[in-house]
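Throughout, a chain's letter reflects where its sequence line sits, starting with A, and its residues are numbered from 1.
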Amino acid sequence: MKYDFNQIEKKWQDHWAKNETFKAVNNSDKPKYFVLDMFPYPSGAGLHVGHPLGYIASDIYARYKRHKGFNVLHPQGYDSFGLPAEQYAIQTGQHPRITTEANIKTYRRQLDQIGFSFDWSREVRTSNPEYYKWTQWIFIQLFESWYNNDSNKAEAINTLVSEFESKGNASVNAACDDDVEIFTADEWNNYSSEQQQEILLKYRLTYLAETEVNWCPDLGTVLANDEIVNGVSERGGHPVVRKKMTQWSMRISAYAERLLQGLDTIDWTDALKDIQKNWIGKSVGAQVEFNVIPTEHSDKEPHTISVFTTRPDTIFGVSFMTLAPEHELVSQITTPKQKAEVEAYIVKTAKRSERDRMADVKTISGAFTGAYAEHPFSKEPIPIWIGDYVLASYGTGAVMSVPCGDQRDYDFAKHFKIPIPNIFEGVDISEGAYASKDNVKITNSDFLDGMNYKKATKRAIYELEQLGQGEGKTNYRLRDAVFSRQRYWGEPFPVYYLNGMPQMIAVEHLPIRLPEVEKYLPTEEGEPPLGRADVWAWDTATNSVVSNDKIDNKTVHPLELNTMPGWAGSSWYFFRYMEEAANRDGVFASEDALNYWENVDLYIGGSEHATGHLLYSRFWVKLLKDRGFVNVEEPFKKLINQGMILGTSAFVYRDEKSGEFYSKGLIADRKVQSIHADVSFVNASDELDVEAFKNWRPEFKDAEFILEDGIYKVGRDVEKMSKSKYNVVNPDDIVSDYGADSLRLYEMFLGPLEQYKPWNTAGITGVHNFLKKLWKLYVDDNGLKVTDAEPAKDNLKTLHKTIKKVEEDIENFSFNTSVSTFMIAVNELTAQKCRSQKILDPLLVLISPYAPHIAEELWSQLGYSDSISTATFPKFEEKFLVESSKEYPISFNGKMRFTMELPLDLSKDDIEAAVMAHEKTIAQLDGRTPKKVIVVPGKIVNIVG
RNA sequence: GCUCAAGUGGCGGAAUUGGUAGACGCGCUGGAUUCAAAAUCCAGUUUCUUCGGAAGUGUGGGUUCGAUUCCCACCUUGAGUACCA
């Protein structure tokens with residue numbers, strides 16, 4: 001019998017589907033384990049061999065956990081809202097729903113043939129109304145919540161309202177907008193409903209506000225900070241400009257501290273934690289108030305400038321202050337004499353785009369306002385400057401400049417010839433600022449003299465508080481996240497507008513379904529695509545979506561035109577999987593299901609989601625926990641980032657003059673142009689199929705090829721796998737040529753999961769041959785050759801060292817090394833001519849997570865009727881590995897020169913005697929007497945001298 | 001600039017409580033089988049070598065009986081971030 005992988009794999013995939021072999025149950029005596037992949041966006045291009053890498057790893061782990069006696073939840077679904085389908089709709093008029101469904105079909109077919117143990121009965125699609133109903137529901141929960149900094153959690157908004165009604169807002173310690181004004185209970189109760197709603201918006205965890213956003217004109221939408229890379233859109237690379245717009249935002253900043261602290265409780269890589277820590281950007285310091293010294297030109301009202309500093313200990317080193325050019329006080333404090341210069345500077349900086357400012361950090365620019373502030377302690381006047389190195393959006397938009405302790409302040413001071421007082425004892429600042437906090441004492445600083453950083457900081461804050469001119473403060477870089485998108489293919493908001501104020505639609509009327517539109521473009525008036533919908537108004541009498549012409553602003557009101565961003569649906573999908581599909585009506589997941597599965601035990605996906613999906617999910621989970629809907633603080637207990645599989649591109653070389661294509665070895669010093677050739681035209685030895693290349697595109701039809709030894713050799717280079725580089729390898733081809741088991745093994749064999757590594761199809765024959773050898777260990781031309789013979793000692797040794805290594809490897813997610821281990825085991829057992837079922841049974845269980853089809857087939861041939869996935873993982877027994885002797889490496893000065901076999905029970909002295917008597921030792925020493933002989937029994941002998 | 005990760009044969013990579021560097025696989029070379037090819041099997045494959053050996057894990061230093069593994073400095077590559085006060 002031959003190893004007919006195509007037939008075997010189809011057979012077992014059908015079997016698993018029919019018998020629902022991998023269906024998870026919500027009640028079980030077994031301990032639970034939730035293994036999750038980041039679900040894919042179903043793109044039109046389908047899967048390439050890089051995509052399944054993480055899925056294969058998680059599938060191996062899920063199958064392993066089943067063997068280890070766990071009730072495993074291993075679901076899959078689709079992040080099916082998104083830009084590409086919509087861009088395609090704009091171009092072709094095809095409804096994104098239709099494109100998306102077609103793409104999902106392709107994905108499903110491709111995934112199915114790789115043999116994943118997914119429980120497809122729990123599939124979710126973010127674009128399904130039954131799903132996004134609950135995304136809308138969570139949005140409403142955010143709207144109905146405020147963050148209480150005293151209890152350190154989100155609470156229902158009505159608790160805030162009753163607080164306002166009885167006490168006003170003075171005693172409320174909430175995460176809210178900066179511009180809320182203090183009001184009393186009486187004032188609150190006398191406000192109009194609109195005024196009250198307006199105030200509440202400043203407290204809600206999702207709020208509508210005019211904010212400066214990243215507008216991408218080419219995509220016709222705003223983008224979140226994490227969707228912008230190097231100043232252009234992450235998708236498509238389109239330019240992004242700043243624009244003021246009224247937008248929904250998420251008050252994620254309220255959770256900054258908990259998002260930071262929570263990192264300590266989860267098992268993620270340090271690299272990923274660092275990225276999130278950086279993004280949250282906590283800095284501890286003080287807020288200090290500087291009074292502006294009034295002049296005859298200034299307003300009657302006294303002004304104060306608030307600054308944030310992380311170095312209150314250096315407050316006596318202040319020699320000037322710098323405001324962001326956009327700072328609101330600039331126009332009020334600038335003296336008439338300086339007015340022209342200041343205004344010219346503001347105009348100049350406003351013209352520079354954000355990107356220019358970012359790219360050009362070397363140029364120092366600024367202007368003096370003519371005004372002075374008073375130093376809180378020394379009462380000395382401090383000149384107030386403006387400069388674009390101070391950002392309006394961070395802290396207070398103003399800094400106290402300490403040139404001796406901050407390099408930017410130092411450079412600014414040097415440039416404008418501002419004095420640089422030195423407050424660091426014994427430190428030379430003639431060349432640059434001394435920014436370190438360590439090993440230095442403060443001097444020239446009145447009451448701070450002689451103190452170190454820590455003491456001086458504490459004292460400075462205390463003294464500022466005494467004066468009423470400052471307090472300790474912590475700042476975060478994390479900004480609230482813009483949540484509106486001016487797009488069609490996303491979740492509609494469950495929101496209508498009454499007198500311009502947003503109103504939530506009651507939960508029982510959800511979902512609010514995406515309306516039909518004729519075109520997927522913004523309207524002529526610049527409104528989002530939903531502005532084209534004719535039936536897009538909310539009737540409060542019938543509680544239904546009705547035609548726009550019924551809008552009377554009494555019972556029928558306009559609906560929100562924006563849609564939610566891509567990360568909305570993906571921020572909670574892991575909870576949806578916990579509930580069985582049949583029980584999903586009426587709940588996002590039942591309490592029982594949520595309590596049973598808790599959170600994701602193992603999450604595998606790409607690190608590109610570090611500051612997007614992985615941060616937003618954590619935020620939403622914390623909100624849901626605070627509001628009592630779930631019981632966990634973190635969604636993903638352990639997270640692994642799989643690396644990317646890169647493509648190996650092929651190049652042909654066209655002579656720039658003659659247009660002839662030269663084989664790689666013949667280029668010499670010719671001027672040639674490198675052209676990507678499709679990798680399917682190239683064989684394992686880098687030889688080009690010239691005819692296929694000629695027929696590829698008309699422009700190559702008559703191309704002349706200069707061959708070497710009758711062959712055209714291509715050049716190779718490793719690049720990201722992409723259509724445009726013609727280096728994409730489709731898993732469909734690999735599966736049909738070598739089988740899914742070979743694909744699975746090979747993806748793992750390529751190298752460590754987390755690493756970036758190039759794909760090279762030629763290498764797959766190695767693992768494919770291994771599977772053939774494995775097959776032959778069980779089956780020959782006459783059928784099954786396994787016997788019930790007692791295993792030999794060497795059989796047992798091979799088996800048990802394999803069990804030990806594979807188990808360790810899986811626990812450490814070192815899948816590449818276990819593939820090698822399998823190869824070694826099969827090579828050894830073949831050489832040993834092992835046929836014993838007592839060895840070959842457990843071997844099959846070890847291999848089955850990696851190569852489930854062949855394992856399942858042989859398992860059934862061995863006579864088992866239950867799926868191998870239900871078999872128990874073999875138990876490692878040390879006793880089979882115990883040795884009586886050891887092949888000792890004998891080193892001279894640390895260099896191994898030869899080995900010698902010695903009994904393990906030999907004493908140190910006996911070992912030394914035996915080694916010293918060996919003829920090779922004598923030859924090595926060449927008459928010298930060794931200074932020292934190191935004997936580590938069971939390990940090594942090292943002779944020094 | 002700052003933060004983090006990684007540098008090992010022609011290629012992917014293996015080896016860390018410090019103890020035989022290059023496992024396993026690809027590729028390559030030679031052989032067997034075959035009319036031939038594919039497939040399969042066997043042997044070899046870090047470099048240098050006077051065939052005894054010697055050197056060798058990005059570079060230079062250090063700790064140690066012994067370093068791919070630990071420490072210091074530097075170089076290169078990749079990722080994140082970018083005037084964050």
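- Using cut-offs of 30° and 60° on the angle between ring planes, the pair A/Tyr850 and A/Phe822 is perpendicular.
- A/Ser607 and A/Asn641 share no donor-acceptor pair across their side chains, judged by distance under 3.5 Å alone.
- When the side-chain nitrogen and oxygen atoms of A/Arg897 are compared with OP1 and OP2 of B/rA54, one or more of them lie within a distance under 4.0 Å.
- Along RNA chain B, the nucleotide closest to A/Tyr888 and the one closest to A/Thr821 are compared, and the more 5′ of them pairs with A/Tyr888.
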Applying the Watson-Crick and G-U criteria (both distances under 3.5 angstrom) with [ ] for crossing and | for other-strand pairs, one obtains for RNA chain B (((((((..(((......[....)))((((((.......))))))(((....)))..(((((..]....))))))))))))....
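- Comparing B/rC24, B/rU20, B/rG13 by their nearest atom to the side chain of A/Pro752 picks out B/rG13.
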From CA spacing to verdict: ring-ring contact (aromatic ring centres under 6.0 Å, His included), A/Tyr746, A/His768: CA-CA 8 Å; A/Tyr746 190 50; A/His768 189 65; over 10 Å; no
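- Among the nucleotides B/rC24, B/rC41, B/rC65, the one closest to any side-chain atom of A/Asn942 is B/rC65.
- In this structure, A/Asn827 reaches the B/rG25 phosphate: one of its side-chain N or O atoms is under 4.0 Å from OP1 or OP2.
- Judged by atom type and distance alone, A/Lys895 reaches the base of B/rG56 through a side-chain donor-acceptor pair under 3.5 Å.
- Distance from the side chain of A/Ile275 is smallest to B/rG80 among B/rC84, B/rG80, B/rC24.
- Toward the 5' end of RNA chain B, the nearer of the two residues A/Ile943 and A/Gly395, judged by each one's closest nucleotide, is A/Ile943.
- Look at B/rG52: its glycosidic torsion is within 90° of 0, and that puts it in the syn range.
- Separation of the P atoms belonging to B/rU16 and B/rA23 is 15 Å when rounded to the nearest angstrom.
- Within the 4.0 Å cut-off from OP1 or OP2 of B/rG10, not a single side-chain nitrogen or oxygen of A/Arg716 is found.
- Phosphate contact (OP1/OP2 of B/rG1, side-chain N/O of A/Gln407, threshold under 4.0 Å): absent.
- One finds no side-chain N or O of A/Lys931 lying less than 4.0 angstrom from the OP1 or OP2 phosphate oxygen of B/rC65.
- Atom C1' of B/rU68 sits at a distance of 8 Å from the matching atom of B/rA15, rounded to the whole Å.
- Comment: A/Asp780 does not engage A/Lys776 in a salt bridge, judged by the lack of any side-chain N to carboxylate O separation of less than 4.0 angstrom.
- For the C1' atoms, the distance linking B/rG78 with B/rG30 amounts to 41 Å, nearest Å.
- Nearest nucleotide to the A/Leu391 side chain, out of B/rG19, B/rC84, B/rG12: B/rC84.
- Closest to the side chain of A/Asp274, from the set B/rA85, B/rU3, B/rG25, is B/rU3.
- Anti is the classification of B/rG27, since its glycosidic angle lies more than 90° from 0.
- For the pair A/Asn816 and B/rA14, the criterion of a side-chain N or O lying under 4.0 Å from OP1 or OP2 is met.
- Taking the side chain of A/Trp279 as heavy atoms from C-beta on, and the options B/rA85, B/rU81, B/rG12, the nearest nucleotide is B/rU81.
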Query raised in the report: A/Phe5 and A/Tyr3: ring-ring contact (aromatic ring centres under 6.0 Å, His included), yes or no, with the steps?
Result: CA-CA 6 Å; A/Phe5 50 86; A/Tyr3 169 45; 5.7 Å; yes
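- In this structure, A/Arg408 reaches the B/rC84 phosphate: one of its side-chain N or O atoms is under 4.0 Å from OP1 or OP2.
- The pair A/Asp4-A/Lys2 fails the salt-bridge criterion, with no side-chain N (NZ, NE, NH1 or NH2) lying under 4.0 Å from an Asp/Glu carboxylate O.
- Among B/rG25, B/rC26, B/rG19, the nucleotide with an atom closest to any side-chain atom of A/Thr765 is B/rC26.
- Look at A/Lys797 and A/Glu828 and you find no salt bridge, because none of the NZ, NE, NH1 or NH2 atoms lies under 4.0 Å from a carboxylate O.
- Separation of the P atoms belonging to B/rG60 and B/rC75 is 15 Å when rounded to the nearest angstrom.
- Rounded to whole Å, the separation between the P atoms of B/rC11 and B/rU33 comes to 35 Å.
- Across B/rC84 and B/rU69, the matching P atoms stand 36 Å from one another, rounded to whole Å.
- Listed nucleotides: B/rG25, B/rU17, B/rC84. Nearest to the side chain of A/Lys939: B/rU17.
- The pair A/Glu808-A/Lys804 counts as a salt bridge, with a side-chain nitrogen and a carboxylate oxygen less than 4.0 angstrom apart.
- Comparing B/rA14, B/rA82, B/rC4 by their closest approach to the side chain of A/Ala271 singles out B/rC4.
- Taking the ring centre of A/Trp268 as origin, the terminal cationic atom of A/Arg618 falls inside the region bounded by 6.0 Å and 45° from the ring axis.
- If you take atom C1' in B/rC28 and the same atom in B/rG10, they sit 8 Å apart, rounded to whole Å.
- The side chain of A/Thr817 lies closest to B/rA15, out of B/rA15, B/rU20, B/rG27.
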